[in-house]
S.K.: 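Have a look at the structure that comes next, please.
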Amino acid sequence: MFKASEVSFDAIGFKSCWKGKSKLAENGTQCEPLKVAEHETQTIGHDEKESQTDPEREVTVAAPDAAVKPSLVAFVVRAAALVLGELERADKSRAFDGYQLIEEDDDQPVRRLFTLRLGAKPADKSQSSMQVACLSWSSTGSVVAVGYGASEHESWCEHSTTLALWNVNRKDLNVNQPYNKLELRSCVSYVRFHPSEPSMLAVGMVTGEMQLYNLSREDDPFLGSTAAVIQGHREPISALHWLARSAGYGLVSASRDGKLLVWKYSEAKQQLQLTKKFQLMADQLPRAAGRRAGRADSEAGLTALAFSHDNPDQFLLGSEGGGIFLCSFASEVPITAVTGDRVEGLLNPVNLHVRAAPGPGADAAMLPVPPQYLRVGRLRQ
């Protein structure tokens, strides 16, 4: 049998191993002092106002039956039948089949609209040698006049040629057949419409003759000719210009014979009258312009003519020797022969020699001079 007895033991202690002594240290830091400032502000004041609007007007809408008049109903009934009929016809029409709208961003600035020919095939062998010698647009831009001439002349021109007229705005345009033809007894060298009257046409010939036509006279458009004028041109006409400022119809013609002639059409006498004569002589050509050795009183052929836009009395002449001359209608200097005698009726138009060009002459639109002396023309499409 086990018996318990009271026993006492001494206390046993041990140090803790999981907790160590804390090490303490004192440190200090310094920061920037805190800036404090005071400011004042003021709020926006508020105020109360009153306004008064106009009272809205009451719109009275009439009853539908009262607004429609019987006459209006009758008109709508009649018009509706016509409109519906036209819409049905337009729906069945084939007028625009194959039509293509031209795009605005077309890369080709120039387009060929027509190719005009004087007959699909030449009528005879004499017409086959003819070529286009000159052309001119009317002031309206609808009629183009085309003059034909032979490429070579062995002697005096005796060809029978045609001046063809096409109206490109006509619905019945035939590109192989002009709507009007003028039969001429020699080759055409220059043709020009009036700048403001589209029916007036001047035609220059290889023989030096100039003819005037009024195309509005369908039965007989011929007005006059210079063939009977003794002091007229005797060489091919190289340029024509209308004098718009003169009363009636005034013209200036230049020719290979060196003459510059001023004409006026007399309606009373039905003929062209010579009013002033100018002449360019060979001794006026500078040596730099290629003047050939020969008689000093011989003529210098004219190849181009251009008038000043600002001063109608000033104009430019281009010569066969390559010279370009600034001239004036106001000149009264007579032409003198080698003997010193005056040539009756002929005046010297030259005021200034501009420069010498390397060639037999230039077109009026290509003369190398300041633009204020030139009148530039533009073809209309």
Side-chain angles (χ1 to χ4, degrees), residues 113-114 116-118 131-149 161-170 173-175 177-184 186-206 208-226 233 236-255 260-267 270-272 302-309 312 315-316 363-366 374-381:
L113 300 180
F114 308 103
L116 305 177
R117 299 182 184 276
L118 186 59
Q131 61 185 8
V132 175
C134 53
L135 56 86
S136 176
W137 282 99
S138 65
S139 59
T140 59
S142 58
V143 179
V144 56
V146 182
Y148 292 86
T161 59
T162 300
L163 182 71
L165 299 168
W166 277 277
N167 190 332
V168 296
N169 291 337
R170 293 181 58 163
L173 172 65
N174 185 351
V175 295
Q177 186 66 34
Y179 81 93
N180 192 8
K181 292 190 297 184
L182 302 177
E183 301 298 334
L184 307 175
S186 66
C187 295
V188 183
S189 60
Y190 204 93
V191 59
R192 187 157 190 174
F193 274 103
H194 193 277
S196 60
E197 297 190 23
S199 61
M200 300 300 296
L201 180 65
V203 182
M205 308 287 191
V206 173
E209 179 185 357
M210 183 179 65
Q211 295 182 357
L212 191 63
Y213 293 89
N214 186 351
L215 301 179
S216 62
R217 298 166 49 177
E218 298 181 358
D219 297 336
D220 186 15
F222 180 77
L223 293 181
S225 172
T226 63
H233 296 296
I237 292 179
S238 56
L240 291 173
H241 179 79
W242 288 90
L243 296 176
R245 61 170 184 160
S246 62
Y249 299 108
L251 276 164
V252 179
S253 61
S255 174
L260 183 78
L261 305 180
V262 183
W263 307 87
K264 184 177 180 180
Y265 177 69
S266 174
E267 296 184 1
Q270 297 291 313
Q271 64 181 5
L272 285 163
L302 303 180
T303 58
L305 174 66
F307 278 74
S308 170
H309 181 71
F315 59 94
L316 288 169
D363 190 6
M366 300 177 64
L374 292 179
R375 179 184 295 251
V376 180
R378 182 177 67 179
L379 294 179
R380 297 180 58 185
Q381 291 186 355

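This structure is a prediction, so every number in the text was calculated from the model and none was measured.
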S.K.: Can you tell me how far OG of S138 sits from NE2 of H194, rounded to the nearest 0.5 angstrom?
M.R.: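 That separation rounds to 13.0 Å.
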
S.K.: Checking S216 now: which residues fulfil side chain to side chain contact (heavy atoms under 4.5 Å, CB included) with it, not counting sequence neighbours?
M.R.: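 Per chain and number, S216 pairs via side chain to side chain contact (heavy atoms under 4.5 Å, CB included) with S199, N214.
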
S.K.: Taking the side chain as every heavy atom from C-beta outward, state whether T226 and L261 have any atom pair closer than 4.5 Å.
M.R.: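 Answer no - side chains too far apart.
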
S.K.: Within the 4.5 Å heavy-atom criterion, are R217 and D219 side-chain neighbours or not?
M.R.: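 With C-beta onward as the side chain, the pair stays apart.
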
S.K.: Taking the side chain as everything from C-beta on, heavy atoms only, tell me whether L212 gets closer than 4.5 Å to L251.
M.R.: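 They are in contact (side-chain heavy atoms under 4.5 Å apart), so the answer is yes.
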
S.K.: Would you compute the distance between atom OG of S142 and atom CZ of R170 and round it to the nearest 0.5 angstrom?
M.R.: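 One finds 10.5 Å between OG of S142 and CZ of R170.
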
S.K.: I want to check something: taking the side chain as every heavy atom from C-beta on, are L163 and V203 in contact at a cut-off of under 4.5 Å?
M.R.: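 Yes, at least one pair of side-chain atoms sits under 4.5 Å.
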
S.K.: Quick check: closest heavy atoms across V191 and S136, and the distance to 0.1 Å?
M.R.: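 For V191 versus S136, the nearest heavy atoms are O-CB, 3.5 Å.
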
S.K.: Closest heavy-atom contact between A254 and L302?
M.R.: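 For A254 and L302, the tightest heavy-atom pair comes out as CB-CD1, 4.0 Å.
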
S.K.: Can you tell me how far apart OH (Y190) and CG (L135) are? Round to the nearest 0.5 Å.
M.R.: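 Here the rounded value is 10.0 Å.
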
S.K.: Any chance you could lay out the side chain to side chain contact (heavy atoms under 4.5 Å, CB included) test for Q211 and L184, step after step, and finish with the verdict?
M.R.: CA-CA 10 Å; Q211 295 182 357; L184 307 175; 3.5 Å; yes

S.K.: Listed by chain and number, what are the side-chain hydrogen bond (donor to acceptor under 3.5 Å, both in side chains) partners of E267, not counting sequence neighbours?
M.R.: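 Result, side-chain hydrogen bond (donor to acceptor under 3.5 Å, both in side chains) vs E267: none returned.
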
S.K.: If you look at every heavy atom in V168 and G141, which pair is closest and at what distance?
M.R.: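 What the structure gives for the nearest pair is CG2-O, 4.3 Å.
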
S.K.: If you compare all heavy atoms of L173 against all heavy atoms of F114, which two are closest, and at what distance to 0.1 Å?
M.R.: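 For L173 versus F114, the nearest heavy atoms are CD2-CE2, 3.6 Å.
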
S.K.: Distance check, rounded to the nearest 0.5 Å: S189 atom OG versus E209 atom CD?
M.R.: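 Result: 10.5 Å between the selected atoms.
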
S.K.: Has the side chain of W242 got a donor or acceptor atom that lies under 3.5 Å from a matching backbone atom of F193?
M.R.: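 Yes, W242 side chain to F193 backbone: donor-acceptor pair under 3.5 Å.
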
S.K.: Please list, chain by chain and in numerical order, all residues satisfying side-chain hydrogen bond (donor to acceptor under 3.5 Å, both in side chains) with S253, sequence neighbours excluded.
M.R.: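 Residues passing side-chain hydrogen bond (donor to acceptor under 3.5 Å, both in side chains) with S253: H233, W263.
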
S.K.: Can you find a heavy atom in the side chain of L118 that is under 4.5 Å from one in the side chain of K181?
M.R.: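 Yes, their side chains come closer than 4.5 Å.
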
S.K.: When you measure from the side chain of T162 to the backbone of E183, do you find a donor-acceptor pair of N or O atoms at a distance under 3.5 Å?
M.R.: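 Judged by distance alone, no pair lies under 3.5 Å.
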
S.K.: Less than 4.5 Å apart, any side-chain heavy atom of P198 and any of V143?
M.R.: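 Not touching, per the 4.5 Å side-chain cut-off.
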
S.K.: The test is side chain to side chain contact (heavy atoms under 4.5 Å, CB included); show your working for V144 and L116 and say whether it passes.
M.R.: CA-CA 10 Å; V144 56; L116 305 177; 4.0 Å; yes

S.K.: Would you say the side-chain atoms of T161 pair up with the backbone N or O of G149, donor to acceptor, closer than 3.5 Å?
M.R.: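 No: the side chain of T161 does not pair with the backbone of G149.
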
S.K.: Ring-plane angle category for Y265 and Y249, please: parallel below 30°, perpendicular beyond 60°, tilted otherwise.
M.R.: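 Taking Y249 first and then Y265, their aromatic rings sit tilted (interplane angle of 30° to 60°).
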
S.K.: Can you see which heavy atom on G204 is nearest to which on L240, and at what distance?
M.R.: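 Scanning both residues completely, I find the closest heavy atoms to be N-CD1, 3.8 Å.
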
S.K.: Does F315 reach the side chain of V252, with side-chain heavy atoms less than 4.5 Å apart?
M.R.: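 Not touching, per the 4.5 Å side-chain cut-off.
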
S.K.: Just verifying a value: how many Å separate Y213 OH and F222 CZ, rounded to the nearest 0.5 Å?
M.R.: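 If I round to the nearest 0.5 Å, the distance is 6.0 Å.
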
S.K.: Indicate the atoms forming the closest heavy-atom contact of A164 with Y148, along with that distance.
M.R.: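 For A164 and Y148, the tightest heavy-atom pair comes out as CB-CE1, 4.1 Å.
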
